[in-house]
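Notes to accompany the following structure.
The analysis underlying the following values was restricted to heavy atoms, covering all of them including side chains, and did not include hydrogens, waters or symmetry mates.
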Amino acid sequence: MDDNFDKAAIAVIIVFGALIIGGLMAANLVMGHRNGFLYALGAAGTAWIAGHMILFDLPRAYAFMVAASFLLAFASTLSLVT
């Protein structure tokens, strides 16, 4: 297994924080859902922190941050749909 965690951390920060959750934030802004935007902002923040947990080699904290990011993104999606 490759011990270079830098590439994986950067991928997590870019993919989750910028692309996926950024699009969810933009969709909520366009639709005028403030709560959904704030949930997506929280999801982006926790995904950004999760990337740093990879760098610091903290797998349990990483799993917790990814789960929290997923739940916040799910709440944002529910806010957008309803």
Side-chain angles (χ1 to χ4, degrees):
M1 185 173 143
D2 187 17
D3 288 332
N4 188 2
F5 294 117
D6 295 340
K7 291 179 185 176
I10 291 169
V12 166
I13 291 169
I14 290 173
V15 171
F16 287 106
L19 297 177
I20 297 172
I21 300 172
L24 190 57
M25 287 170 36
N28 278 299
L29 278 177
V30 169
M31 298 299 243
H33 294 138
R34 183 181 60 171
N35 290 338
F37 171 76
L38 292 175
Y39 285 139
L41 183 65
T46 54
W48 181 69
I49 293 170
H52 291 85
M53 294 300 113
I54 293 174
L55 289 175
F56 297 136
D57 196 24
L58 299 170
R60 286 191 177 192
Y62 170 73
F64 175 74
M65 289 296 174
V66 168
S69 180
F70 174 77
L71 290 176
L72 286 168
F74 186 71
S76 176
T77 304
L78 285 179
S79 175
L80 182 64
V81 172
T82 59

Is it possible for you to say whether [X] and [Y] belong to one hydrophobic cluster, with membership spreading through side-chain heavy-atom contacts below 4.5 Å?
X: M25; Y: L29; answer: yes
X: L72; Y: V66; answer: no
X: L41; Y: V30; answer: no

Check: Pairs in or reaching into residues 25-47: which pass side-chain hydrogen bond (donor to acceptor under 3.5 Å, both in side chains), with residues at least two apart or in two chains?
Finding: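 Sorted pair list: N28-S76.
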Next item on the list: Could you label the plane-to-plane angle of the F70 and F74 rings as parallel, tilted or perpendicular, counting under 30° as parallel and over 60° as perpendicular?
Entry: parallel
Value rounded to 0.5 Å, distance of [atom1] in [X] from [atom2] in [Y]:
X: Y62; Y: S69; atom1: OH; atom2: OG; result: 9.5 Å
X: L80; Y: L24; atom1: CG; atom2: CG; result: 6.5 Å
X: F64; Y: I49; atom1: CZ; atom2: CD1; result: 10.0 Å
X: M65; Y: L58; atom1: CE; atom2: CG; result: 10.0 Å

Next item on the list: Please report the closest heavy-atom contact between T82 and L78, naming both atoms and the distance.
Entry: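 It is OG1-O, 2.8 Å.
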Next item on the list: For S79 and A75, indicate whether the former's side chain and the latter's backbone hold a donor-acceptor pair under 3.5 Å.
Entry: no
